[in-house]
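Here is the structure we will look at.
So that the names make sense, note that chain A is the first sequence line, chain B the second, and so on, each numbered from 1.
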Amino acid sequence: MQAHPSYPALAHVLPKYPRAAGSLFQAYNDIVLVQEWTDVKVLDLEGISRAAITGKKPKTDATSYVVPCSLAETLSFGWLTTAFTLLSDPPEIFLAITSDDASIVYYKLSRGIVKPQV
Amino acid sequence: MSLIKPSGRKGPVSGKAAGRRNNNNQIYAHALPIVFSHPPPTRVRSLLGLLGFSLTKVEVPQCQGIFDEATRSVWVSSRNDSTLLWRRGFFGKGDLSRSEPSWLERQINARQAGGKRLTSEEMTSKRRAERKQFKIDRARAIAAVAAEAEAAFANEGRVIVPALSGPSIPSAATWKPAPRPTEPPDTPEDLEHLQLTLPEAFFLMWNLNCLTVEDPLTNELMSIQQIWIAFQAAHLSPPLFVSPRSTPELQFDNPFLINYIVYHHYRSLGWVVRGGIKFCVDYMLYKRGPVFNHAEFSVVVCPVYEDPADQEASSIDLHHSSPFAWSWLSTINRVNTQVFKTLILAYVTIPARSRVSLDVLDSPACLQYYSVREVTVRRFIPARMRD
Amino acid sequence: MDDDLERPDAKPPTVTPEGDSLEDEDQGSDDEGDVVLDWAKLLPSTARPVIPRRGEKEFEPHPGGGSGLQVHVLERARNAMFDALKATRTISSKAVSYAIWHPDIARAHATVARGVMFTSIGHSVPRPVVTADGAQKLHKRLELLPEEALYLIERGSMLCWKETTLCLAGVDGLEEVSGSPMSAQQAFSDMIGTEDLTLERYQVYAYLKRLGYVVTRTAAPNSLYPTPPPFDLSPLNHKSASVFSRIRHTFSTCISKVLRIFTGRFDWWKPFRHSRWLLRDKNYGAVFRALRFIPAGHKVPLLPTKVESPSNPSPYHIFYNVYKPVTPFRKSEPCLPDYQIVVVNARTTPMPTLRELTDLFDISPELPPPLPRQRPLPGAPPSRPLSRSPKVSAGTTHAPEPLSLARRILLWFRPPPTSTTPARRPHPFMVIKAGKKTVIIAVVDAGSISFFRFGQGAFEEWAIF
Amino acid sequence: MASTEASVPRLHLRVANKKAYVWDVEDIATIRTKHRLCGVFTGTLPHMSQQNLFLGVPMVLLPEEVVLLVENELAVLVDDPNAHIQPSVPELQRWNAKEKELAQLRLAQLNAAIASLPAVLSEEAMQKRKERELKRQAAAAKAAEAAAEGSIFAPPENAPPPPPPPEPQYTVVIPASSISFEWYNDSACHYTTIQSAKEAGIWEYPSNLHERAKCGVFRGLWEQGMYMGGGIKFGGDYLVYPGDPLRYHAHFSATVLESPTFSLTPMEIVAHGRLGTVTKKSHLLCGWDDEKKEVSYLSIEWAGFG
């Protein structure tokens, strides 16, 4: 992992949050290399012992937020609301869930009751 | 050779599809990385064959990987090795792709105008964008019809039922996307590796002896004994980025052991076993492999402590180790029946510390104290079971 | 190939896999939680309001509680529902049955039993009666369990009196009255909660009865309650283990014994060692077989062995025996049931533990493997598939066995079966999906019932290689 | 809110075996249209007794619905078994006399109608039975005894032809509710609060944190104007509808999380998100804070990429 071109961008947070390192690394690579987001930055979220990723989806101007977690973790409702608070309450965040087989899935979380699109 | 016929979708196979299938039969001819190569037939060979001996060579490849503790995986960076492991038994997954590493190919395609050859990822994103546009178009048409009905009711008291289908509403069958512009060029450089889960890597090393694993801290090859401990430790202590590994306190409910047992069990029966996060289960079982058939079974691993006291004392929070709520079963069963998979609960018993000494965890000999058995889950619909 | 399905918005494949029936799909119309119930269908056609049909519900009401049209359509839909709910339970005096509910014994004594329902409801019990000359005599009478009485009352087939302490005999104007008349409301209040009947169990009972099933108690609530003979719990394989498989077993055991002499004991650091010389080792089948050394399958004893805690009994015990409408059922001498059903309350009971499932499998019979669907010959009457009830087929069906090479060779020497109909082999995937034994659990969440079928898996007997 | 409702007589919910039943269709209509609660129909619908799609009275209320109705002072809980008092002989005599009178009346009506009744009821006639009360009653005798199964709207199979009436045949009514019985008296055994009903031993919900959370979340969603139905089949605790489920699709399936620290696995988010996308619903995580007695919500949808 240390030899990977993405490592320098994450070097300040990976050793700090060893338990979340795998999912952050995987989500970061997917966002940058596969989803091809632009203006990608890494935000330290001490309150939930990990870093988040911000950036812009291709051809958009709005900043989106990705909070990575591993399938093996156990979260809680409070954990999710804390993530919103630490990110200054954006309307939505993407939870990136990673698995040891390098799979990654994203789910959109919104605060409050947000009805589905027609 | 396989004794179980694939439950493949029947129906006329187009010439193109049949060609692809033949091609796949060649590309994916080997069920495992080891290959049996038969020397040309001779009289001696036939004689030996009659006696039960053979000169068939067993070729065992030597693939190389590097252990990555943070992602709890083994990375295979050589393109040759990753192709071999993927094609012979569908081991691993490209960390930037859905299955086989194809990131570089996608990058190159994107550079070429039009990208005539679309990878499956590209097909998908194209389809997805189209579907979204279709939904927008349809919603607009439905709203127009509803407003019309509303006006008729308000003005004339006529009750018109707003139809949700009809000539004015686009249907999935008739709607056509507008042509899309092509992607700008990009500079490719292969940043992808084939990622093996720890059970996959251990299976390849321990049983088939076709993988060697390097320690990223020392750049030395790890022995099978070191691997056995390191793979368990990856689930116990937070990954260490600088200091050398300490010897962890091994325990029977280590997730590596539980997952390995399930993985090995289904692999040893000939199934191709792959991760199931997308179907909210632990594993999917394929008869031959994902390029041939859809998965038949979805496996949820349910660890069972022989001694409930061990569970209470454990530092590990194993998912599904206590009976879950009916609504959860209902959820995962619904997700899987929607895609025609049968749900399997794979129960792994965890030996009681009062019965088996922790010392056995020093070697894979501990595996004999576990057991795995499955329970299939299906809905029962009384209205359809009357005769 | 699952790429399409992996994404959450994937449409399920339109083709049905061979050998897999849509029965596995839970899109059953009566099982959906979010279907449109068009109560207007219950009204006579002339009185039916114009209401969109099934699947044409709207997304949401317009702001402020709905548009004029929406409010209008909703009101009509609701009124259709309320009208249907108002229907009274009426029955001809020629068809009505009567019973007297005795709360102390939780039985209704059927005094007038009319109609076909009684061919499968109620059982006969001798009770002491005082004859005209004052002597006590045992008299057989038809008694109903609380669920049986309640069902007959609430479907409008029976009027039930509640036993009273009043002396009604000879009272003017009460000639036909045998107690206080019970409303359906009183029957629900008084009968549920007796003789182990919970509301959830009653809901499952009524659900199955409405579909025409015969439903009886698995555990006899008293010694005179007729129960079926016990299941034959011996494994099916025993009866049909073929000569060939026995030869093969002996042969392979010998081989492995011989091999052990050369290779020494099992080395856990090197579990798989293939011989450089032996032909039998040099194929994938041999490799996979050699890897099957982790204990697997339900034959492995489950530790710890059964611990029955009387203070905290498991909610998982079989409560109902269920017979299909087509099964010839004799009330006094019931045959083996087609299904057995456990009923639990989803709100208070989690999934069964492995121990609980194992205990249920232990008392369930092994089922013959499901046969592929037989397509009826054109013109021939549709054949009724064999009941999966073990009584019919136990011992007559061959246990499935992977066709080994040896077996296939031996098949060359074996004369073809004399039977005129070609033997249908079970499809392995269907066998695995069905499981060797089945436990059906009805899960009730505030009146909504889901039935799940748990099969005792047998993957280890159906290897791909 | 409670003060305006207080003038309206409260509904009587009939409680037996810790479940609350509603037997009166007018009450069901009030609960549905005024209080926006759906309950679960549990009884066999008379003359439609061979299907499970449409069920009838009694309506069993979800325990959360009961708590809401009682706490909002819209309903009281009746100890139903104790409200059924043994009738006296004169009460029975009056009841029986009335029954006989009604039977005579129905018989007269029936005889008058029988002349116009066709020999065998066609399917069409069956469908018109609602329209004409007398016809319906004649058909009822047949339907009640038909054991054979058919499609839910088909006339019962094996139905015998209407017998020629050699002796007077009348219609027996099996009463649904007990309210018409003179001897039914719930004035002495009703409870206006959940607490008093618990103390009397007839009710126990909510009895723990999880059940308190469900009541709190149910109320929270209800106060937002939503309609709720049981959601176990869609992988949640409730299905949440923006309007009456008779006319509107559910927008959400909702899961109740009993405390901010209650564990939630990422796989649950995958499953809920996935199921929601296929069924065109979002998933709502409803977090209950038992100290603040507050609900907060998170909506889950598939991200659309990845």
Side-chain angles (χ1 to χ4, degrees), chain B residues 96-98 121-122 124-129 131-133 135 138-139 142 146 161-162 164 255 275-283 298-302 317-322 324-341 343 379 381-387, chain D residues 50-54 147-152 157 210-211 213-214 217 229-239 247-249 252-258 261-281 283-286 300-306:
Chain B
L96 303 175
S97 305
R98 281 184 196 293
E121 281 82 356
E122 288 163 337
T124 302
S125 63
K126 183 159 171 271
R127 261 205 311 274
R128 218 178 260 166
R131 199 143 51 213
K132 198 170 167 190
Q133 188 58 44
K135 282 180 183 167
R138 189 185 51 184
I142 288 173
V161 178
L164 295 187
I277 181 176
K278 304 253 164 100
F279 300 101
C280 59
V281 295
D282 295 298
Y283 291 112
S298 303
V299 180
V300 176
V301 178
C302 303
D317 173 27
L318 277 178
H319 294 170
H320 295 147
S321 57
S322 298
F324 40 84
W326 282 101
S327 62
W328 178 238
L329 181 81
S330 187
T331 307
I332 52 180
N333 191 49
R334 185 170 269 271
V335 167
N336 281 280
T337 49
Q338 267 163 356
V339 289
F340 297 94
K341 319 264 175 256
L343 192 66
R379 288 286 298 280
I381 299 173
R384 298 196 195 142
M385 301 301 289
R386 290 189 290 184
D387 41 36
Chain D
Q50 288 155 45
Q51 47 82 40
N52 286 298
L53 195 53
F54 295 94
E149 299 298 317
S151 112
I152 66 166
E157 292 166 36
H210 181 68
E211 292 175 354
K214 287 188 91 169
V217 168
I232 191 171
K233 286 182 178 169
F234 280 84
D237 292 306
Y238 308 111
L239 278 179
R247 292 293 308 133
Y248 303 102
H249 285 293
F252 306 98
S253 75
T255 322
V256 175
L257 298 165
E258 62 194 45
T261 54
F262 190 72
S263 68
L264 175 71
T265 63
M267 198 65 107
E268 288 173 68
I269 293 174
V270 175
H272 292 141
R274 165 127 203 158
L275 202 53
T277 321
V278 177
T279 52
K280 297 189 195 97
K281 300 178 199 348
H283 193 86
L284 268 191
L285 293 179
C286 310
I300 306 176
E301 259 187 291
W302 181 48
F305 61 90

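Only the side chain of B:Trp328 has a heavy atom closer than 4.5 Å to any heavy atom of chain D.
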Next item on the list: Would you sort out whether D:Thr265 and B:His320 count as a side chain to side chain contact (heavy atoms under 4.5 Å, CB included), showing the intermediate values?
Entry: CA-CA 10 Å; D:Thr265 63; B:His320 295 147; over 6 Å; no
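Per-residue counts of heavy-atom pairs under 4.5 Å with chain B were compared for D:Gly235, D:Gly231, D:Pro266; the largest is that of D:Gly235.
Proximity of B:Ile332 to D:Met267: side-chain heavy atoms (C-beta onward) are nowhere separated by under 4.5 Å.
Between B:Lys278 and D:Arg274 the shortest heavy-atom distance is O-NH1, 3.1 Å. Nearest heavy atoms, D:Ala271 versus B:Thr331: CB-CG2, 3.7 Å.
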